[in-house]
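The structure appears right after this line, and notes come after that.
Computed from a prediction, not measured in an experiment: that's the story for all the values here. Indexing begins at 1, ligand by ligand and atom by atom, following the structure's order.
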Amino acid sequence: MSLGGTAAAAGVASRIHVLGAGAVGLLFAAHLRQSGYPVTLYLRSQDSVDRFSQSGAQIGVVNDWIRSHPTRKLLLSGGPSASIAPWTATDVQAEAPSGNSSSPEKIRRLVLATKAQDTLQAYWSVKSRLCSQSTVVLLQNGMGMYEAIQREFYPSPHQYQKETAADIPTFVIGTNSHGCLRTPVEGEEFVTHHTAVGSCQFAIRPSLLNPPPSLPQSALDILTALGSTGLDATVTNWSDLHHRLLLKLAANATINPVTALADCRNGYLAPPPPNSSSQCTDQGYYESMQSYMSSACAEISAIYARAHPHLHGELTAQAIEDYVLHISRTTSRNRSSMLQDVSSGRQTEVEWINGYLVRLGKQHGVPTPVNTLLYTLVKLKEAASHHSAYE
Ligand SMILES: *[C@@H]1O[C@H](CO)[C@@H](O)[C@H](O)[C@H]1NC(C)=O
Ligand SMILES: *[C@@H]1O[C@H](CO)[C@@H](O)[C@H](O)[C@H]1NC(C)=O
Ligand SMILES: *[C@@H]1O[C@H](CO)[C@@H](O)[C@H](O)[C@H]1NC(C)=O
Ligand SMILES: *[C@@H]1O[C@H](CO)[C@@H](O)[C@H](O)[C@H]1NC(C)=O
Ligand SMILES: CC(=O)N[C@H]1CO[C@H](CO)[C@@H](O)[C@@H]1O
């Protein structure tokens, strides 16, 4: 299903809070504002709120993708409507956790766009402002964020009183393939660079409560809002999205750690066979990569088979390997996000990629030697680059 229409057309203009003012959060906040929705950035501290007001209470978007876009000339000669870079979303509000515990106003529609490793902390800061009428959109890379939130904040809700159920919002899981980044330049704190056009998919995560509560209006509102942006958003069912997320996770789990450890681009994972007319002449390299791919994909398929038996028909070792090789070839010139994180000394998302698979395997009694080794080596690499800063 593809959602269209603007806020005005839908006859509603419900305020949307965006938590996580990184590149992704700012991109979504700006596009939601552009579609006519009132937007509030929920920032870390009053200091950030002050800096935001001083910078004009606006979000800048630089459409860097236009520079590399093949139809650039067409776009730019297409008249005034095509002059789309850069632009500004104005009249955006900002607030910070107030520490004022006396019944703050509830947040009905929240987009959580923090990095995976910051999400629990971020959720904790807004939890008291959410209720069963709220909807939270999770936009993190990797898997297991939803489960971590449930475990941390709502353990076994069915054993609790009705009041606890009344605190639990509806969750929408999102996946975003738009490329964007924020440059650490003075005065550009609230500017996001849209570097590659992608798309995004959203699905409502079925509630763990029994019986499941009815869907709040806020869920429909926020899906309509996201669908009205220029970010090519589609809404699907959870089973469909889950299947895609598991494939994407497999690609990230096999490609990212190896590229980060070997400091190479994605394409090196799928060298062409030695006898093909092109490159690879090293039989040992070719066979090692083939053997790595098939053992990694077989392990992931075995984990999925136990954890998600209903999806197993589609997630065979072969289906996973075909997908991973396809991604490695179509992004052969790219540097994975994990390689980028490692080379700039940042913490990676390995905890939510290979770490997630290791935990899932443990929970279901599936041995995970390949993912455990990858996880360990990336952790080692992170620690080493962190410590070298002090030596
Ligand atoms: C706390 O919130 C209440 C109600 O929203 C408000 O009346 C009060 O002024 C707030 N106190 C502070 C210190 O912000
Ligand atoms: C979910 O979506 C997929 C793809 O659009 C579709 O094939 C499938 O039938 C849907 N499943 C349910 C239960 O609606
Ligand atoms: C590939 O090349 C090797 C020697 O270079 C040869 O022995 C082998 O038969 C070739 N394999 C195929 C599938 O052509
Ligand atoms: C991969 O790189 C190409 C160009 O080098 C770029 O257009 C594309 O958006 C990149 N893909 C991802 C997923 O970063
Ligand atoms: C965290 C991470 O590396 N995410 C990547 C997973 O793979 C997709 C492509 O399948 C990338 O778009 C993500 O950036």
**Request:** State which residue, out of N334, L269, V342, T254, fulfils the side chain to side chain contact (heavy atoms under 4.5 Å, CB included) condition with T259.
**Result:** L269
**Message:** My understanding is that only residues two or more places apart in sequence, or in another chain, count here; which of them pass ring pair (Phe, Tyr, Trp, His ring centres under 6.0 Å) with F52?
**Reply:** F190
Output block, N or O contacts of ligand 2, threshold 3.5 Å exclusive:
unit_1: ligand 2; atom_1: 2 (O); unit_2: N237; atom_2: ND2; d: 2.4
unit_1: ligand 2; atom_1: 11 (N); unit_2: N237; atom_2: ND2; d: 2.9
unit_1: ligand 2; atom_1: 14 (O); unit_2: N237; atom_2: ND2; d: 3.2

**Message:** Would you say T119 and T114 are linked by a side-chain donor-acceptor pair, where the criterion is simply a distance under 3.5 Å?
**Reply:** yes
**Message:** If the condition is ring pair (Phe, Tyr, Trp, His ring centres under 6.0 Å), which residues does Y146 pass it with, not counting sequence neighbours?
**Reply:** F171
**Item:** Distance, nearest 0.5 Å, that separates OG1 of T234 from CG of L226
**Value:** 11.0 Å
**Message:** Run the ring pair (Phe, Tyr, Trp, His ring centres under 6.0 Å) test against H178 and tell me which residues pass, sequence neighbours left out.
**Reply:** H194
